[in-house]
2 protein chains.
Amino acid sequence: MDDYQELARRVRAQGGRMTPQRQIVLEAISALDGHASANEIYEWVAARAPAVNRATVYRVLRFLCEANLVAPFATDGVMLYELVGARPHHHLVCRGCGHVEPIPAQALDVLVTALCREHGFQAELRHLAITGLCRECRQ
Amino acid sequence: MDDYQELARRVRAQGGRMTPQRQIVLEAISALDGHASANEIYEWVAARAPAVNRATVYRVLRFLCEANLVAPFATDGVMLYELVGARPHHHLVCRGCGHVEPIPAQALDVLVTALCREHGFQAELRHLAITGLCRECRQ
DNA sequence: CGCCTTATTGCAAATCTTTGCAACAAGAAA
DNA sequence: TTTCTTGTTGCAAAGATTTGCAATAAGGCG
Ligand SMILES: [Mn+2]
Ligand SMILES: [Mn+2]
Ligand SMILES: [Zn+2]
Ligand SMILES: [Zn+2]
């Protein structure tokens, strides 16, 4: 888990307040080691702070995403949440073996450059999940 | 709307059956001119076939997506549905003006090639929604 | 055209997610 | 530390999506 003071500072920088609920949700995401669903996060939180309401977990997740402390990321319909770390990255999700491979964000710079050149569009690619077949599953 | 016989054939090719419910959902997506939400589709259907149940619309949409007759596509949290057309494409969604610009799928070939070369990963990019800023909104 | 098999539907109940509102409490200011 | 403002929370109710199950009907076969 990152430093509480630093997280509180970043929450207040958004005009928000640091609360026990926001703190424990951050702990949950950290403890669940990235890529946790809203329900998994709620279960983790409820196990140690039963008073925290489900609706609050949803609202906290939305807030943390907007505050850019947490990154949401959709894998075929399911929303997962991950702490925004030092290095931005994306994911290669193999539909064969289910393996999830993180790749540095600059691996997609080639696309960003092309879109900018061809369409004048400044793409903001954050924490994508790209599905396909990994090297092994391609035989 | 595409030819009913052809659609029915493709449904049966999946081991499925063509029903009035599936037919009218396809009509709805077509009439709504692409990019319709589950609720918009349900409203359209309910207006002319009130007996069709909401749960059925959800199940039909899932079936059509798996049968590859319809492509789902997420724009910040909301799932939209579109008929799979002749030419595969993606979308550039501007977060400034909200404009949605379709681009041919091969615009992303540069990325597919790079991922294959760098990671041995065969990406399957289908009907993506890429957010960012369009030329005008960048000033 | 009937008869079967079984995929599909409607319904109701279960889940998941959002929202309105009054009570609460974080944190800035005194 | 006490006060005050207003962002947050819990709760309950609404809305969205999924699921179990018995009844229905698509379509292959005679
Ligand atoms: Mn990640
Ligand atoms: Mn499209
Ligand atoms: Zn694999
Ligand atoms: Zn724009």
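Letters go in sequence order (proteins before strands), and every chain restarts at 1. On a predicted model such as this, the values are computed, not experimentally measured, just so you know.
Across the protein-nucleic acid pair, B:N39 atom CG and D:dA14 atom P stand 17 Å apart, rounded to whole Å. Atom pair A:N53:CG and D:dA13:P shows a separation of 13 Å (rounding to whole Å applied). Between the C1' atom of D:dG27 and the CD atom of B:Q5 lies a distance of 13 Å, rounded to the nearest Å. What separates CE of A:M18 from C1' of D:dT9 is a distance of 15 Å, to the nearest Å. We find that CD of A:Q23 is positioned 15 Å from P of D:dT8, with the value rounded to whole Å. At whole-Å resolution of the value, OH in A:Y58 and C1' in D:dT9 are 17 Å apart. In this entry the distance linking CZ of B:R22 with C1' of D:dA26 reads 10 Å, nearest Å.
Under a hydrophobic-cluster definition in which Ile, Leu, Val, Met, Phe, Trp and Tyr are linked whenever side-chain heavy atoms come within less than 4.5 Å, directly or via other members, A:L83 and A:W44 are assigned to the same cluster. Note on B:L125: it clusters hydrophobically with B:L115, by side-chain heavy-atom contacts below 4.5 Å among ILVMFWY residues.
Considering every non-hydrogen atom in both A:C134 and A:C94, the closest pair reads N-SG, 3.4 Å.
Using a 4.0 Å cutoff to heavy atoms of chain A, the contacted part of DNA chain C runs 5' to 3' from C:dC16 to C:dA28.
Counting atom types as modelled, A:R59 pairs a side-chain N or O with a base atom of D:dG10 as donor and acceptor under 3.5 Å.
Within the nucleic acid shown, B:A55 comes within 4.0 Å of at least one base atom, counting heavy atoms only.
For D:dG10, the OP1/OP2 oxygens have a side-chain nitrogen or oxygen of A:Q21 closer than 4.0 Å. A close approach under 4.0 Å does not occur between any side-chain nitrogen or oxygen of B:T19 and OP1 or OP2 of D:dA26.
For the pair A:H99 and A:L92, the minimum side-chain heavy-atom distance is 4.5 Å or more.
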B:V60/B:V52 under side-chain contact (heavy atoms from CB on, under 4.5 Å): CA gap, chis, key distance, verdict: CA-CA 11 Å; B:V60 165; B:V52 176; over 6 Å; no

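Toward the 5′ end of DNA chain D lies the nearest nucleotide of A:G15, the other residue of the pair A:G15 and B:A38 mapping further downstream. Both B:G16 and A:P20 lie near DNA chain C, and the one whose nearest nucleotide falls closer to the 5' end is B:G16.
Taking the six-membered ring wherever Trp is involved, the centroid distance between the rings of B:H127 and B:H89 falls below 6.0 Å.
Salt bridge annotation for A:R48-A:E27: absent, with no cationic side-chain nitrogen under 4.0 angstrom from a carboxylate oxygen.
In this structure, of D:dG10, D:dT5, D:dA25, it is D:dT5 that holds the atom nearest to the side chain of A:R17.
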